[in-house]
Amino acid sequence: MAQSFDDLNLPNAVVTRIAKEVLPENVSIGKEARTALAKAASVFVLYITSASNALATKNNRKTINGLDVIEAMHETDFHMFVEHLKENLEYFKKIQQEKKDAVVKQKLQKDGESNCAASNDNADENDIQ
Amino acid sequence: MAGKKDTRQKKLVKLPESRVKTIMKSSPKVINIGKEALFLVNVATEMFIQHLAKSAYSIAKKKGELHYTDIAESVERNANMSFVKELIPRTTTWSKYRELMAAKGLTIEYESSEEESDETGSTSSQE
């Protein structure tokens with residue numbers, strides 16, 4: 001459970017930075033405007049979560065997955081986000097796979113090393129190869 | 001990839017993951033959130049912020065400045081933003097509010113001092 005109100009709000013500074021990326025340079029954003037953006041973004045998270053969860057539940061799942069979120073964009077009238085989200089999902093999956101592969105590779109290397117050491121010990125025990 | 005040493009992996013998202021997760025979990029009925037879902041909500045929220053900011057700026061009368069009123073107006077005008085309408089209400093002036101009430105045939109009881117000042121206030125009951 002969230003401890004305080006702040007926990008349920010996205011940080012103003014980060015939200016402002018994100019907003020400024022699409023505005024012309026040197027546009028000043030008023031203090032109340034910054035707060036409004038952050039509040040709106042926080043509520044958006046809740047809104048999308050609720051929509052996504054409803055879709056997951058509809059499909060008898062207890063876990064919200066990526067496709068639920070994408071489908072939720074259609075449901076909430078944010079179709080224009082779908083394309084970009086799909087691209088991001090592909091990229092994310094790729095990164096996750098690369099991470100997994102790296103871990104497996106490391107494990108194999110380690111196992112290889114320990115097997116090597118084990119077979120050396122065996123060689124000492126059985127002089128005749 | 002194993003050979004190159006990246007001192008810092010390129011960040012995939014800008015909003016703090018843990019905070020986004022906390023907000024998501026505070027939603028009733030949510031049981032579990034997959035990694036991909038968390039990631040996409042993060043990205044979607046980023047897109048939303050930029051969408052709202054751009055939309056508000058296009059309405060802004062004073063170029064070079066983005067005000068609360070621009071955001072409130074943008075929210076008012078976009079159907080898909082109605083979910084935040086109550087949170088970001090349009091503001092009005094006291095005199096306009098009186099006119100509005102008068103048009104509806106309602107009077108406002110208040111303790112007046114001398115002259116009312118044109119104070120901006122929110123029409124909603126929120127702070």
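Computation of the quantities below employed the complete heavy-atom set of this structure, encompassing side-chain atoms and omitting hydrogens, waters and symmetry-equivalent molecules. Every chain is numbered from 1 and lettered A, B, ... according to where its sequence line falls, protein lines coming before strand lines.
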**Message:** With rounding to the nearest 0.5 angstrom, report the NZ to CZ distance, B:Lys14 to A:Arg17.
**Reply:** 9.5 Å
**Which atom of A:Val45 lies closest to which atom of B:Met24, heavy atoms considered** = CG1-CG, 3.7 Å
**Item:** Verdict with reasoning, B:Leu40 to A:Leu89, per side-chain contact (heavy atoms from CB on, under 4.5 Å)
**Value:** CA-CA 7 Å; B:Leu40 287 183; A:Leu89 182 58; 4.0 Å; yes
**Asked** Which of these passes side chain to side chain contact (heavy atoms under 4.5 Å, CB included) with B:Val41: A:Ile64, A:Leu46, A:Ile48?
**Response** A:Ile48
**For the student: nearest non-hydrogen atoms of B:Ile49 and A:Leu37, plus distance** = O-CD2, 4.4 Å
**Request:** Mind listing the closest non-hydrogen atom pair of B:Ile33 and A:Thr63 along with its distance?
**Result:** C-CG2, 4.0 Å
**Message:** Does any backbone or side-chain atom of A:Ser52 lie under 4.5 Å from a heavy atom of chain B? Answer side chain, backbone, both or neither.
**Reply:** neither
**Asked** Given a strict heavy-atom distance threshold of 4.5 Å, which part of B:Ile71 is in contact with chain A: side chain, backbone, both, or neither?
**Response** side chain
**Request:** Using the rule that two of Ile, Leu, Val, Met, Phe, Trp, Tyr join whenever any of their side-chain heavy atoms come within less than 4.5 Å, decide whether A:Leu55 and B:Val43 are in one cluster.
**Result:** no
**Prompt:** Given B:Leu15 and A:Ile18, is the side-chain contact (heavy atoms from CB on, under 4.5 Å) satisfied, shown in steps?
**Reply:** CA-CA 9 Å; B:Leu15 295 164; A:Ile18 292 172; 3.7 Å; yes
**Item:** Top of B:Val84, B:Val20, B:Val30 for chain A proximity - count of heavy-atom pairs under 4.5 angstrom
**Value:** B:Val30
**Prompt:** Which one, B:Tyr57, B:Tyr68, B:Phe83, leads in non-hydrogen pairs under 4.5 Å with chain A?
**Reply:** B:Phe83
**Request:** Starting at CD of B:Gln50, measure out to CG of A:Leu23 and round the result to the nearest 0.5 Å.
**Result:** 9.0 Å
**Prompt:** Taking all atoms of both residues into account, what is the closest heavy-atom pair of B:Leu66 and A:Ala33, and its distance?
**Reply:** O-CB, 3.8 Å
**Nearest-0.5 Å distance, CG of residue B:Leu38 to CG of residue A:Asn65** = 13.0 Å
**Message:** For the interface with chain B, which of A:Arg34, A:Lys20, A:Glu32 has the highest count of heavy-atom pairs at distances below 4.5 Å?
**Reply:** A:Glu32
**Request:** Looking only at non-hydrogen atoms, find the nearest pair between A:Met73 and B:Ala44 and report the distance.
**Result:** CE-CB, 3.7 Å
**Complete:** One should read off an interatomic distance between B:Glu46 CD and A:Asn88 CG, to the nearest 0.5 angstrom, of 8.5 Å
**chain B contact via A:Lys31 - which portion, at a heavy-atom distance below 4.5 Å** = neither
**Distance, nearest 0.5 Å, that separates CE of B:Met81 from CZ of A:Phe44** = 9.5 Å
**Message:** For A:Glu75, I'd like to know if atom CD has over 12 heavy atoms of other residues, nucleotides or ligands within 6.0 Å.
**Reply:** yes
**Message:** Other residues, nucleotides and ligands only: do more than 12 of their heavy atoms fall within 6.0 Å of NZ on A:Lys58?
**Reply:** no
**Request:** Mind listing the closest non-hydrogen atom pair of A:Ala40 and B:Leu52 along with its distance?
**Result:** CB-CD2, 3.9 Å
**Request:** Using a 4.5 Å cut-off on heavy atoms from C-beta on, say whether the side chain of A:Gln96 contacts that of B:Lys35.
**Result:** yes
**Residue A:Ala36 versus chain B: region with a heavy atom under 4.5 Å** = both
**Prompt:** Quick one: does B:Asn80's side chain have a donor or acceptor within less than 3.5 Å of a partner on A:Phe78's backbone?
**Reply:** no
**Request:** Would you mind telling me which of B:Thr69, B:Ile23, B:Val75 has the largest number of heavy-atom pairs within less than 4.5 Å of chain A?
**Result:** B:Ile23
**Asked** Among A:Val69, A:Thr76, A:Thr35, A:Ile70, who wins on heavy-atom pairs under 4.5 Å with chain B?
**Response** A:Val69
**Asked** Rounded to the nearest 0.5 Å, what separation is found between the CD atom of B:Glu36 and the CG atom of A:Asp68?
**Response** 10.5 Å
**Prompt:** Relative to the ring of A:Phe81, is the ring of B:His51 parallel (under 30°), tilted (30 to 60°) or perpendicular (over 60°)?
**Reply:** perpendicular
**Prompt:** Top residue by heavy-atom pair count (under 4.5 Å) with chain B, among A:Thr57, A:Leu67, A:Asn53, A:Ile29?
**Reply:** A:Asn53
**Prompt:** Is it the side chain or the backbone of B:Lys29 that comes within 4.5 Å of chain A heavy atoms, both, or neither?
**Reply:** both
